[in-house]
*Asks:* 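Would you mind keeping the following structure in view while I ask a few things?
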Amino acid sequence: MYLHLDYQSGEAIYRQIVEQIKYKIASGELKPTEQLPSIRELAKMLKINPRTVVKAYEELQSGGLVVRRQGQGVFIRDGQAAVPVQTRNKLLQEMARRMLAEASRLGASEEQVKDVFDNVMKQMRSGK
Amino acid sequence: MSEFVINTKNLTRDYGENRALDNVNLEIEKGRVVALLGPNGAGKTTFLRLLMGLIEPTEGESFILRSPSRNMAESVVSKIGYMGDTDEPPRWSTIRDLMKLQAAVSGDFDRDFFMRSVEKRELSVKRSYGSLSKGQKKWIRAGLVLAGKPAVLLLDEPAEGLDPSARQDLYDELRDYVTDKEATAIVATHIISDIERIADDAAVIDHGRLITYAELEDLREQVREIQMSEMEKVIDFPNEIEILGGKSSGGTKLLWVRCREQERQKLEKLLGQKATIRTVSLETFYLALTEHNSNKRDAELKEIKK
């Protein structure tokens with residue numbers, strides 16, 4: 001699991017960890033039931049105090065995204081829609097923004113993007 | 001008595017007329033890396049030398065592992081890894097000599113660790129200390145300190161003169177060491193960008209006084225920069241909001257504040273669209289604290305708040 005900490009942003013480190021793990025869950029990079037690195041492992045990987053990792057994991061746990069199993073470690077929660085609606089919407093918006101920026105670089109109009117989008121959706125549905 | 005690894009009470013030191021350290025009270029828990037920050041001449045070196053018992057305080061006292069600095073128990077001395085800013089080994093001694101000396105002093109010396117660190121910088125143990133560059137000297141001395149497996153590390157500008165990648169290596173080694181051994185470290189430096197990555201707390205000294213001692217994570221959560229137009233009318237800041245500093249240029253006012261999240265939300269409501277509130281790097285925070293000395297700062301702040 002690769003995390004990047006940005007010290008210039010002034011954002012609390014535990015929050016950065018929480019946000020990035022949420023993102024990885026939402027994007028599917030981290031799968032349900034998958035185990036997260038141990039507190040010690042992650043602390044050493046990121047060169048931070050283990051207590052900061054504990055704080056991040058606790059936040060994820062109270063948000064229902066991970067579960068802690070006694071003596072085994074911390075795991076991505078299984079089943080249910082683990083991704084909160086807010087996070088999902090935020091991610092979708094980011095993806096849309098990126099796609100539109102890319103499209104405008106290619107010289108495509110908004111209408112063209114919408115058409116292509118609809119067509120791709122139709123294709124995917126009929127393919128199923 | 002105390003559960004703190006290091007604590008000081010009203011620690012004060014004068015050099016003649018000049019007060020180098022002014023009434024410093026500090027308590028440091030086990031397992032922390034404390035960045036001791038401040039401009040040159042702020043009192044960082046004096047503070048570390050007082051802790052080590054190398055100089056006597058004018059007033060107050062300090063303890064390491066409950067043992068007083070003035071008369072430190074032998075058993076505690078052997079648990080401290082001190083790297084002074086100026087106290088240098090003899091020029092003619094080779095790296096191997098220094099290693100043997102350190103091994104004799106520290107009882108439990110990690111030779112493999114030290115040899116790895118020498119090889120990392122592609123140095124030979126036959127080299128004399130005097131032939132090393134400023135950065136290489138620092139690297140070797142830091143390696144000797146860490147290999148001695150101390151419980152407490154007091155490092156005065158350990159990364160000065162090292163190139164950026166070596167600085168990162170040194171601080172990474174220190175962080176790993178503290179995490180693995182549950183050691184405690186104070187690192188004095190005036191360069192924030194390197195140390196903020198691995199440190200847990202910041203102690204900022206200016207003109208001999210401890211002006212901030214806080215967890216870096218708390219500072220990241222609490223310190224914000226407010227930007228608004230010079231034209232904006234002044235608002236009354238709630239008392240819970242600590243104003244750290246401010247400046248005014250080009251029709252824009254910048255104000256640095258510290259407050260809890262609740263108060264920040266109030267502030268956001270109060271300011272509404274009139275201002276932008278954003279997070280700041282530790283560097284910005286530090287500059288806001290130390291750029292102006294206290295009197296000048298108060299005067300300027302009044303001006304800005306008007």
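A note on names: the letters A, B, ... follow the listed sequences, proteins ahead of strands, and every chain is numbered from 1. This is a predicted model, so every value here is computed, not measured.
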*Asks:* For A:Asn49 and B:Gly31, which heavy atoms make the closest approach, and how far apart are they?
*Replies:* ND2-O, 3.4 Å
*Asks:* Do you know which of B:Asp180, B:Val223, B:Leu219, B:Leu216 has the most heavy-atom pairs with chain A at a distance under 4.5 angstrom?
*Replies:* B:Asp180
*Asks:* Enumerate by number any residue of residues 183-200 of chain B whose heavy atoms lie under 4.5 Å from heavy atoms of chain A; in the absence of such residues, state 'none'.
*Replies:* B:Glu196, B:Arg197, B:Ile198, B:Asp200
*Asks:* When only heavy atoms count and the cut-off is under 4.5 Å, which of residues 166-173 of chain B reach chain A?
*Replies:* B:Asp172
*Asks:* For B:Glu217 and A:Ile13, indicate whether the former's side chain and the latter's backbone hold a donor-acceptor pair under 3.5 Å.
*Replies:* yes
*Asks:* Quick one: what part of B:Arg220 sits under 4.5 Å from any heavy atom of chain A, side chain, backbone, both or neither?
*Replies:* both
*Asks:* Please determine whether the number of non-hydrogen atoms from other residues, nucleotides or ligands lying under 6.0 Å from atom CD of A:Glu110 exceeds 12.
*Replies:* no
*Asks:* By salt bridge (Lys or Arg N to Asp or Glu O under 4.0 Å), which residues pair with B:Glu221, not counting sequence neighbours?
*Replies:* A:Arg15
*Asks:* Quick one: does B:Thr279's side chain have a donor or acceptor within less than 3.5 Å of a partner on A:Ser9's backbone?
*Replies:* yes
*Asks:* Give the interface residues of residues 34-48 of chain A toward chain B, defined by a heavy-atom separation under 4.5 Å.
*Replies:* A:Arg40, A:Lys44, A:Lys47, A:Ile48
